[in-house]
Protein chains: 2
Amino acid sequence: MNVSGSQRATMLDVARLAGVSEKSVSRVVNREPHVSQKLRDKVEAAIAELGYVPDPAARSLAGVRSFTVGLWIDTRGLHYSMKLMEGAYEACRAHGYHLQVENLGSKIDDAAQVARLDNILRTSRLDGVIVTPLFSDNSAVMDFLESQGMPYARVSPFTHYGRAPAVFMDDAAAAGEVADLFVRNGHRFIGLVTGSPRHGAAVARRTGFLERIAIIAPDAVITEAEGNFAFEAGIAAGRQLLDVADRPTAIFATNDDSAAGVMTACAQLGLTVPDDVSICGFDDNLMAKSVWPYLTTVHQPIAELAQQAALLLIDRHADKRQTADVLLPHRLVERDTIRDLRTSEKVCRPAMGDDDA
Amino acid sequence: MNVSGSQRATMLDVARLAGVSEKSVSRVVNREPHVSQKLRDKVEAAIAELGYVPDPAARSLAGVRSFTVGLWIDTRGLHYSMKLMEGAYEACRAHGYHLQVENLGSKIDDAAQVARLDNILRTSRLDGVIVTPLFSDNSAVMDFLESQGMPYARVSPFTHYGRAPAVFMDDAAAAGEVADLFVRNGHRFIGLVTGSPRHGAAVARRTGFLERIAIIAPDAVITEAEGNFAFEAGIAAGRQLLDVADRPTAIFATNDDSAAGVMTACAQLGLTVPDDVSICGFDDNLMAKSVWPYLTTVHQPIAELAQQAALLLIDRHADKRQTADVLLPHRLVERDTIRDLRTSEKVCRPAMGDDDA
DNA sequence: ACGGCAATAGTCAGCGCTGTCAAGACAGCG
DNA sequence: CGCTGTCTTGACAGCGCTGACTATTGCCGT
C-alpha cells in the first residue's frame, strides 16, 4: 500500500498493473458476478499494491449510484439527532457510503419545506434518504420523494404504514411494560405526563400505557397532565400532578426530559424520589443519567434505528431482495426512581450514595 | 423555474438556450472575471428558466474544487458536536457547499487515527477540513493534513497557534469574568471544579479564573477538585468540596455537566442552591436549563465557531485574501444560581417558582 | 464433430463539467 | 494606418469511472 504522496492511483493504473482491462477492475471493485477467481486475485493484488480507492465523484458521474445517502433530521432534538447520526454514519462507513446530513430544523409550511427538499435533491446526488421524526409522518415529504422516484426509509413512523420501508420500535408495548412495572410494584394512584397529541410517539406511549393499565389494574386511578416533552413543561406537569391532596405514588413521564422536570417539581415540593414518588421516563437519553437518582426509563435504540434505515437503503442496491419493515427491540432500564410499595423498598440496585447523605 | 420532472437540465441545455458556449455558462456560474454584462444576463435568464443547478459530481471530477468541506468531530460530546454541526452546516448551505461529517469518536493511538484519516481523505474529495476539539491540538493530525496539502481550520485550539487558521473564544477571560462575578457578590471561600489537565479548555478556564482571583481578591481561599467534565464526576467533586466544615460559599464548575453534578451533590447534602451555595458553570449547554434553579454560566458560541471555521475554508477559494484567526465573543449568562452575599439576595432575576414551594 | 449457450473478458462512448489554448474584438498609440 | 495589449468568447480534451455492447472461451448434448 503506497503511502499517499505522488498522484492517487486510478482504475487505469490498476488495470495496467494487473494486465487486464479497466472494466474488469470495475467488475472486481463492484463485486459484479461472472468474474473468474484468477482475474479477481490479480486485480485485488494490484489494488492493494497501489492503494487504489475509487473516486466517488467519477463513480457517481458515470454510474447511477452516488454512494451517498441523505439523513434528514431536525437538530432541535439534540440527543436524538446525534444518535441517529451515529447510527446512520456507522452503517454508511461500514459499506463505503457517505452520509449527507441535512438539518430541516425550523418548522415552516409544507410547501416551503418541499421547495427546500427540492433544492437539496437538485444539488446532491443521493441514493436514498432516511426520513426521521417528525418528518416520518409528513405526507407532503413522502409525496415529494415518491414523485422524484427517490428511495427512502422512514424512522419511527406512526401513520401511513407500508408506504415505504420503515424502522421502528414498539412504543406502545414499551409503555405497557412501564404499566406492568408500576402495577407490579403496587402502584395504583398513577400520574401520566403526556406529550403533544400531534407527536406520534407521544400518542403511542400514552395509549399503550393506558390500555395495559386497563387490563392489569382496572381499579387504578390515573391522572394526566400534558408535558410536551420539554423539561420546563415537565416541571409544570409535575406540580400540577403532585401539588394536590391525593397525589399519585408513581408518575410515568413519556420522555426523559419531562421526567427530569417532574423530578425537579418533586424537589420544589419537598418530595423525595423514589420514597415519596416513583418516576419512570422514556428514551434513555442523556438526561436519564444527568439527574439523581438515576432515572428508570425505557431505552429506545435510536442509533440502531438509523443504522437499519441506512442499511435498507444501501441493500437496495447490494442485493435487490425485497426490503421489509424492521422492528427493533426496546429495553426497560430499571435504575433508581421506582419504589416497591409492597415491600417499602426501592426496586433494583440501590441509588448511588443514598445511604451516606 | 421548471418543476422537476423530466431530466435535470445540464450546462449544455443552458448554453443552447442562451445561445452561448458551455464555457461561458461555466464562467457565469463560477463568477469568473472577464464576462460581459450582456452575456451574463442572457445566461442567468436561461439558468432561471431551466432551473439549472450544476452537478456537484461533474464539477469535482472536472475541476479542482469539490464544494465539500469535512467536519471532524467526536460525537461523544453530544451537545457540543451538534452545535458544531449546525454552525458548519449553515455556513456551507449558504455558500452552496456540502458538509461531510466524520465521527472520529473512539480514542485510538495516533498512528491508527492517521490511518483512519488517510482513508477518509482517499475516499472523499474535500476542499478543506474543520478540525475540532480534542483533535484541534493533535499534532499528528495536523502533520498529516499538512503532508496531504489539505487546507484545514482549527476550532478552539490551545496550542500550536498560527499553525493553521483558528477560530476560538477566550476561555481564560471568560473564566476571569466568573471570578469577577463571585467577588462582586462577596464570595471569598471558593470551590473550583476543574476538568482534565489534558483538556486545553479546562486548563485555560482554571488558569484564567485563578489569575483573576489573585488580582481582585488575593485574600480569597480556593479549594480545587477534579471533575473531568462529567456529571458523575461533578457529584463527587461537589461532595468533596462541600462535605466539610468550612465549605465554600461559591463553586465554579468549569463546565455545565459538572456544575449540574455539583448541584446534585448539594441536594444530596441537603444544601440549597443558591441560598447555601452559589454555582457557576461554563458552556451554556442543554444542562444549564435542565436543572433547577437554572444555571448561571458562560455562553460559548459553539455554532458560530464552526460557522466561521467553515467560512475560512470556503473563502480560501472565493477570494484568496489571507485568512487570519478569528476570536469570537462569549457572554456570561446570569441565571439563578448565584447569591449576593452582601445583600443576602440572589442576583439577577428570581428563580422560577421559588416562592411558592 | 458441431451448434448452442452460458460464463468471462474487453471495447468504447460519454456522464457534466472545467482547464487550457486560441481566436476574435476592440482600444490606445506612434 | 498598422501594431500591440487587453478583454471577451469559444473549441476541445479529458477528469475517472460505468453501462451497453461485442468478442472470446469453454462446455454441453446429440
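Reminder, nothing fancy here: chain letters follow the sequence lines and each chain counts from 1. The figures here come from the full heavy-atom set of this structure, side chains too, leaving out hydrogens, waters and symmetry mates.
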(request) Indicate whether OP1 or OP2 belonging to D:dT8 is found under 4.0 Å from a side-chain N or O atom of B:R27. (result) no
(message) Output the rounded distance in Å from NZ (B:K38) to C1' (D:dC7).
(response) 15 Å
(request) Would you classify A:Y52 as touching base, sugar-phosphate or nothing, given that sugar-phosphate means primed atoms plus P, OP1 and OP2, and contacts are heavy atoms under 4.0 Å? (result) sugar-phosphate
(request) Measure from the side chain of A:V35, starting at C-beta and using heavy atoms only, and say which of D:dC17, C:dA9, C:dC17 lies closest. (result) C:dA9
(message) From CZ of A:R125 over to C1' of D:dT18, roughly how many Å is that when rounded to an integer?
(response) 12 Å
(message) Measuring from atom CG of A:L117 to atom CD of A:E102, what distance do you get when rounded to the nearest 0.5 angstrom?
(response) 9.0 Å
(request) Please state how far atom CZ in B:R59 lies from atom P in C:dC15, giving the value in whole angstrom units. (result) 18 Å
(request) Please check if the side chain of B:D137 supplies one atom and the backbone of B:F158 the other of a donor-acceptor pair under 3.5 Å. (result) yes
(request) With DNA chain D as reference, determine whether A:N30 or B:E22 sits nearer its 5' end, using the nearest nucleotide of each. (result) B:E22
(message) For a quick test of reading the model: is some side-chain N or O of A:S24 closer than 4.0 Å to OP1 or OP2 of C:dG10?
(response) yes
(request) Ignoring backbone atoms, test whether B:S21 places a side-chain nitrogen or oxygen under 4.0 Å from the OP1 or OP2 oxygen of D:dG10. (result) yes
(message) Taking 4.0 Å as the cut-off, does a side-chain nitrogen or oxygen of B:S26 come that near to OP1 or OP2 on C:dG19?
(response) no
(message) The side chain of B:K23 is closest to which nucleotide in this list: D:dC17, C:dT20, D:dC7?
(response) C:dT20
(request) Under 4.0 Å between any heavy atoms, over every strand shown, what does B:V29 touch: base, sugar-phosphate, or nothing? Just pick one. (result) nothing
(message) Tell me the interatomic distance from B:R31, atom CZ, to C:dC17, atom P, rounded to whole angstroms.
(response) 16 Å
(request) Would you tell me if any nitrogen or oxygen in the side chain of B:S36 comes within less than 4.0 Å of OP1 or OP2 on D:dC7? (result) no
(message) Rounded to whole Å, please give me the gap between CD in B:E32 and C1' in D:dG10.
(response) 13 Å
(request) Starting at atom NE2 of A:H34, determine the distance to atom P of D:dG19, rounded to an integer number of angstrom. (result) 15 Å
(message) Strictly below 4.0 Å: does A:R65 bring a side-chain N or O up to OP1 or OP2 of D:dT18?
(response) no
(message) I need the NZ-C1' distance between A:K42 and C:dA9, as an integer number of Å.
(response) 10 Å
(request) Return the nucleotide paired to C:dG30: Watson-Crick means purine N1 to pyrimidine N3 with N6-O4 or O6-N4, wobble means G-U with N1-O2 and O6-N3, both under 3.5 Å. (result) D:dC1
(request) Give one of base, sugar-phosphate or nothing for A:P33, where a contact means two heavy atoms less than 4.0 Å apart. (result) nothing
(message) Using a strict threshold of under 4.0 Å (side-chain N to carboxylate O), is an ion pair present between A:D118 and A:R122?
(response) yes
(message) Can you tell me which nucleotide in D:dG16, C:dG19, D:dT18 comes closest to the side chain of B:L61?
(response) D:dG16
(request) Name the closest nucleotide to the A:M11 side chain, picking from D:dA20, C:dC17, D:dC17. (result) D:dC17
(message) Does either side chain, that of B:R76 or that of B:N103, offer a donor lying less than 3.5 Å from an acceptor on the other one?
(response) no
(message) I'd like to know if A:D325 and A:R154 make a salt bridge, using a cut-off of under 4.0 Å between side-chain N and carboxylate O.
(response) no
(request) Write down the distance between CG (A:L12) and C1' (C:dG10), rounded to a whole number of angstrom. (result) 14 Å
(message) Given D:dG14, D:dG10, D:dT18, identify the nucleotide with an atom nearest to the side chain of B:L39.
(response) D:dG10
(request) Flag the pair B:R116 and B:D110 as a salt bridge only when some basic side-chain nitrogen lies within less than 4.0 angstrom of an acidic carboxylate oxygen. (result) no
